[in-house]
Amino acid sequence: MKMHKLIKGALFGLSVGDALGVPVEFQSREQLKSFPIKGMVGYGSWDQPSGTWSDDSSLAFCLAESLSKGYHLNDIAENFIKWYQQGYWGAHHKVFDVGGATRFAIIRLINGTSPLLSGGMEEDDNGNGSLMRILPLLFFVKDFPIEKRYETISQVSSITHAHFRSVFSCFIYIEMAVQILRGNNIEEAFKITVQTVNEFAAKKDFGKREIDLFNMILKIDLRNVKEDSIYSGGYVLHTLEASLWCLLNTDSYSEAVLKAVNLGGDTDTTGCVTGGLAGLLYGYDKIPQVWIDELARKNDIENLAERLFKNIKS
């Protein structure tokens with residue numbers, strides 16, 4: 001698949017998944033079992049029109065916009081500030097949702113803190129706010145040696161989320177994306193990712209307690225974990241587990257994102273994180289056109305994909 005189509009698949013994949021989840025954010029799994037999401041709907045939790053994506057996609061697009069001009073951490077941070085203050089890359093040019101850790105980090109940036117030091121570093125700072133926006137970095141780091149890839153992912157996550165758990169979650173996610181980009185199916189991509197990440201972690205002094213928290217992904221057969229053991233709130237590790245589980249247990253883009261959204265809880269982010277990899281895996285052409293047609297700013301997203309492609313195609 002051509003790189004331009006892969007970039008479109010990722011950007012539209014994450015934003016469609018996000019938009020599917022926005023109207024039912026905070027609804028329980030039980031509610032959604034009774035009234036499941038089957039396509040784009042409007043209003044609901046945030047009173048937004050159908051096809052509206054959230055801060056998840058906005059910040060991913062802010063990152064992609066910056067990467068279309070090269071890799072400059074200060075520029076990424078400036079885009080995040082523009083989003084927070086002006087609604088830059090908002091679905092309707094405004095902000096209607098922002099996570100606590102992200103808000104505090106951006107306020108630190110506004111007050112002059114370096115993006116190398118702005119992210120929360122405490123255990124309580126492990127929401128999914130960097131995982132939800134990290135995917136565009138794939139296209140910049142895809143050919144890096146794994147050490148440099150980890151270091152770059154760490155820098156970009158740490159603008160808002162600097163704790164190891166958030167950084168390592170982003171690292172696993174991007175490693176999955178790298179394997180999908182190399183043409184592996186979902187089972188092969190997951191198997192290689194687990195092996196690669198375990199080998200990388202064994203060489204580093206990360207601390208057993210933290211690594212053990214990732215056992216559901218790195219040690220257990222995640223595909224066969226029962227749904228009752230899959231959580232879908234705002235904790236970064238749960239979002240990563242839920243998204244990979246949805247991908248491993250479905251066979252199409254639409255199945256994957258609908259399974260993710262209908263887990264309930266942080267529906268937009270689980271949909272976004274699942275949708276980004278699903279768009280990469282199945283391709284832009286496999287995202288239902290009726291969903292793309294309803295998506296806010298779809299022409300702007302297409303143009304962004306083109307700009308990002310032009311900068312990374314070499």
Side-chain angles (χ1 to χ4, degrees), residues 13-46 48 50-57 60 97 99 126-135 165-166 169-170 172-173 176-177 186-187 189-190 213-218 220-282 287-288 291:
L14 66 88
S15 52
V16 166
D18 182 359
L20 286 165
V22 163
V24 291
E25 188 176 9
F26 314 123
Q27 284 194 22
S28 70
R29 195 168 299 181
E30 290 68 31
Q31 287 174 291
L32 288 165
K33 283 191 188 304
S34 299
F35 303 99
I37 286 291
K38 298 177 181 177
M40 291 285 182
V41 296
Y43 305 97
S45 302
W46 292 102
Q48 297 291 317
S50 177
T52 300
W53 27 270
S54 74
D55 56 325
D56 305 32
S57 298
D97 183 23
N126 280 307
N128 50 27
S130 64
L131 180 64
M132 70 190 193
R133 61 169 167 81
I134 202 73
L135 187 59
R165 212 169 300 164
S166 289
S169 294
C170 290
I172 292 172
Y173 185 72
M176 270 292 290
I186 189 62
E187 291 84 5
F190 184 66
L213 294 172
F214 290 84
N215 279 351
M216 189 180 285
I217 295 167
L218 299 179
I220 297 169
D221 182 4
L222 179 61
R223 183 176 191 167
N224 291 317
V225 170
K226 299 298 183 187
E227 185 182 288
D228 288 350
S229 297
I230 298 295
Y231 301 97
S232 49
Y235 175 41
V236 66
L237 195 43
H238 289 165
T239 302
L240 180 62
E241 290 166 351
S243 299
L244 296 176
W245 181 82
C246 288
L247 287 159
L248 288 163
N249 282 287
T250 51
D251 297 308
S252 69
Y253 175 86
S254 55
E255 280 185 288
V257 293
L258 292 176
K259 194 174 194 72
V261 168
N262 286 312
L263 288 174
D266 198 359
T267 51
D268 57 334
T269 306
T270 313
C272 176
V273 175
T274 305
L277 288 187
L280 200 61
L281 177 67
Y282 296 108
I287 302 172
W291 294 351

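All residue numbers refer to positions in the sequence shown, counting from 1.
Rounding to the nearest 0.5 angstrom, the gap separating the CG atom in Leu14 from the CG atom in Leu277 is 9.5 Å. Rounding to the nearest 0.5 angstrom, the gap separating the OH atom in Tyr235 from the CD atom in Glu241 is 8.0 Å. Note that CG of Leu131 and CG of Asn126 are 11.0 Å apart. Values are rounded to the nearest 0.5 Å. Atom OG of residue Ser243 and atom CD1 of residue Ile172 lie 12.5 Å apart, to the nearest 0.5 angstrom. Considering CG of Asp56 and OG1 of Thr269, their distance stands at 3.5 Å, rounded to 0.5 Å. Atom OG1 in Thr270 sits 13.0 Å away from atom NZ in Lys259 (nearest 0.5 Å).
Using a 4.5 Å heavy-atom cutoff, the side chains of Ser45 and Pro23 are not in contact. The side-chain heavy atoms of Asp55 and Met132, taken from C-beta on, include a pair separated by under 4.5 Å. At least one side-chain heavy atom of Ile230 sits less than 4.5 Å from a side-chain heavy atom of Leu222. The shortest side-chain heavy-atom distance between Glu25 and Asp97 falls under the 4.5 Å cut-off. Contact of the Phe214 side chain with the Arg165 side chain is registered, since non-hydrogen atoms from C-beta on lie closer than 4.5 Å. Inter-residue side-chain proximity for Ile220 and Val225 is flagged as met; some heavy-atom pair is nearer than 4.5 Å. Counting heavy atoms from C-beta on, the side chains of Leu281 and Tyr253 never come closer than 4.5 Å.
Here Tyr231 pairs with His238 under the ring-ring contact (aromatic ring centres under 6.0 Å, His included) rule; sequence neighbours left out. The side-chain hydrogen bond (donor to acceptor under 3.5 Å, both in side chains) check on Asp251 picks up nothing, with sequence neighbours excluded. Residues meeting the side-chain hydrogen bond (donor to acceptor under 3.5 Å, both in side chains) test with Ser50, sequence neighbours left out: Glu294. Taking Tyr43 as the reference, nothing meets the ring-ring contact (aromatic ring centres under 6.0 Å, His included) condition, with sequence neighbours excluded. By the side-chain contact (heavy atoms from CB on, under 4.5 Å) test, Ala256 pairs with Leu247, Thr250, Thr274, Ala278, sequence neighbours left out.
Pairing each heavy atom of Val261 with each of Gly271, the nearest pair is CG2-CA, 4.1 Å. Minimum heavy-atom separation, Val257 to Gly17: CG1-CA, 4.2 Å. Here the closest heavy-atom approach between residue Tyr173 and residue Cys272 is recorded as OH-O, 4.4 Å. Listed here is the closest heavy atom pair of Gly21 and Thr267: O-OG1, 2.6 Å. Pairing each heavy atom of Ile217 with each of Leu237, the nearest pair is CD1-CD1, 4.4 Å. Residues Thr239 and Gly233 come closest through the heavy atom pair OG1-O, 3.4 Å.
Of the possible donor and acceptor atoms, one in the side chain of Arg29 sits under 3.5 Å from a partner among the backbone N and O of Leu263. Side-chain atoms of Asn262 come within 3.5 Å of backbone N or O of Ile37 as a donor-acceptor pair.
Using modelled atom types and a 3.5 Å distance limit, the side chains of Ser15 and Asp18 yield no donor-acceptor pair. Residues Ser252 and Glu255 have side chains that bring a donor and an acceptor to within less than 3.5 angstrom of each other.
Pairs passing the salt bridge (Lys or Arg N to Asp or Glu O under 4.0 Å) check and including a residue from residues 32-46, sequence neighbours excluded, read Lys33-Glu227.
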Check the pair Ser254 / Tyr282 against side chain to side chain contact (heavy atoms under 4.5 Å, CB included), numbers first and verdict last. CA-CA 10 Å; Ser254 55; Tyr282 296 108; over 6 Å; no
When you look at Trp245 and Met216, which way does the side chain to side chain contact (heavy atoms under 4.5 Å, CB included) test go after all the steps? CA-CA 10 Å; Trp245 181 82; Met216 189 180 285; over 6 Å; no
